[in-house]
Undergrad: 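Just dropping this structure here.
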Amino acid sequence: FVVTLFVINLVLSRKNALVLTLASIIAVIYLPLLQGWEVSGYTDSNVISSLMLTLLFVAVSVMANVLVNRFQRLEAINEIQLDEITKFQEISSNVLEQIETGYVVLNDALEVILINNAAKQVMGLKKLTPESLLCISPELYKLIIDRREQHNDQFAFEYNQDGVSLQVTLRALRSSHELYLISLEDT
């Protein structure tokens, strides 16, 4: 019965849960207590048992309300944090798209995670893949492979593409996943 009260207090509104808790106290505790007094008379053990059950029901109700309030606060905090993350992602995306330096982020499998417009423009691409990177600059692709084997944190080199001289920097990003950042600057 106590578990049922607990669930009722979690699921229903505070007012409805309070009404059901009070009804339960009356139905389960006071009615049998009154009937017991009529049949067997007044005893201290009946009164103490009834008081203990009343306290248990009230404690369960209060505990459930506290949990509901905490869950509601956590949900509100979660929504605020989600809004902040979304705003941060929008700002980051806008900044990244407006920077004149080309940036490409590759994962461990050399798949493109992120590429900004400047990198697409410099490399003459709409989408960058490891294969297209190999076609555009075998030197860059080879250096990325070598870097992974040598575990160098950062290196740079210069190469020409379609008459444009580019300074290329590759560095490992610190994250929970192995990621590489390639920056492309027109020299």
Undergrad: Rounded to the nearest 0.5 Å, what separates atom OG in Ser61 from atom CG in Leu56?
TA: 11.0 Å
Undergrad: Mark yes when over 12 heavy atoms from residues, nucleotides or ligands other than Gln167 sit less than 6.0 Å from its CD; otherwise mark no.
TA: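 Counting neighbours around CD of Gln167, more than 12 heavy atoms of other residues, nucleotides or ligands fall under 6.0 Å, so yes.
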Undergrad: Under 4.5 Å between side-chain heavy atoms, counting indirect links through other Ile/Leu/Val/Met/Phe/Trp/Tyr residues: same cluster for Val62 and Val19 or not?
TA: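 No: no chain of side-chain contacts under 4.5 Å links Val62 to Val19.
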Undergrad: Quick one: does Glu97's side chain have a donor or acceptor within less than 3.5 Å of a partner on Asn117's backbone?
TA: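 Between the backbone of Asn117 and the side chain of Glu97 there is a qualifying donor-acceptor contact (under 3.5 Å).
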Undergrad: Are the side chains of Leu181 and Tyr103 in touch, meaning some heavy atoms are under 4.5 Å apart?
TA: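 They are in contact (side-chain heavy atoms under 4.5 Å apart), so the answer is yes.
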Undergrad: Measuring from atom CG of Leu173 to atom CD of Glu178, what distance do you get when rounded to the nearest 0.5 angstrom?
TA: 10.5 Å
Undergrad: Output the distance between atom CG (Leu184) and atom CD (Gln121), rounded to the nearest 0.5 Å.
TA: 12.0 Å
Undergrad: So, applying side chain to side chain contact (heavy atoms under 4.5 Å, CB included) with Ile113, which one of Leu179, Leu106, Val104 is it?
TA: Leu179
Undergrad: Should Val95 and Leu114 be regarded as members of a common hydrophobic cluster, given that ILVMFWY residues are connected when their side-chain heavy atoms come within less than 4.5 Å of each other, either directly or indirectly?
TA: yes
Undergrad: Say whether Ile99 and Ile115 are linked into one hydrophobic cluster, either directly or through other cluster members, by side-chain heavy-atom distances under 4.5 angstrom.
TA: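 Different hydrophobic clusters.
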Undergrad: Who are the side-chain contact (heavy atoms from CB on, under 4.5 Å) partners of Leu170, not counting sequence neighbours?
TA: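 side-chain contact (heavy atoms from CB on, under 4.5 Å) check on Leu170 returns Ile144, Arg147, Phe155, Tyr180, Ile182.
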Undergrad: Drop me the distance from Ile91's CD1 to Thr86's OG1, to the nearest 0.5 angstrom.
TA: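 Output value for this atom pair is 11.0 Å.
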Undergrad: Say whether Val58 and Leu67 are linked into one hydrophobic cluster, either directly or through other cluster members, by side-chain heavy-atom distances under 4.5 angstrom.
TA: yes
Undergrad: Please check: side-chain N/O of Ser92 versus main-chain N/O of Phe88, any donor-acceptor pairing under 3.5 Å?
TA: yes
Undergrad: With sequence neighbours left out, which residue pairs that include part of residues 73-82 fulfil the side chain to side chain donor-acceptor pair (under 3.5 Å) condition?
TA: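 Checked against side chain to side chain donor-acceptor pair (under 3.5 Å) - neighbours excluded - no pair reaches residues 73-82.
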Undergrad: For a quick test of reading the model, state the closest non-hydrogen atom pair linking Thr101 to Asn116 and the distance between them.
TA: O-ND2, 2.9 Å
Undergrad: Nearest 0.5 Å, please: how far is CD1 in Ile77 from CG in Leu82?
TA: 13.5 Å
Undergrad: When clusters are formed by joining ILVMFWY residues with side-chain heavy atoms under 4.5 Å apart, either directly or through shared neighbours, do Val66 and Val68 land in the same one?
TA: yes
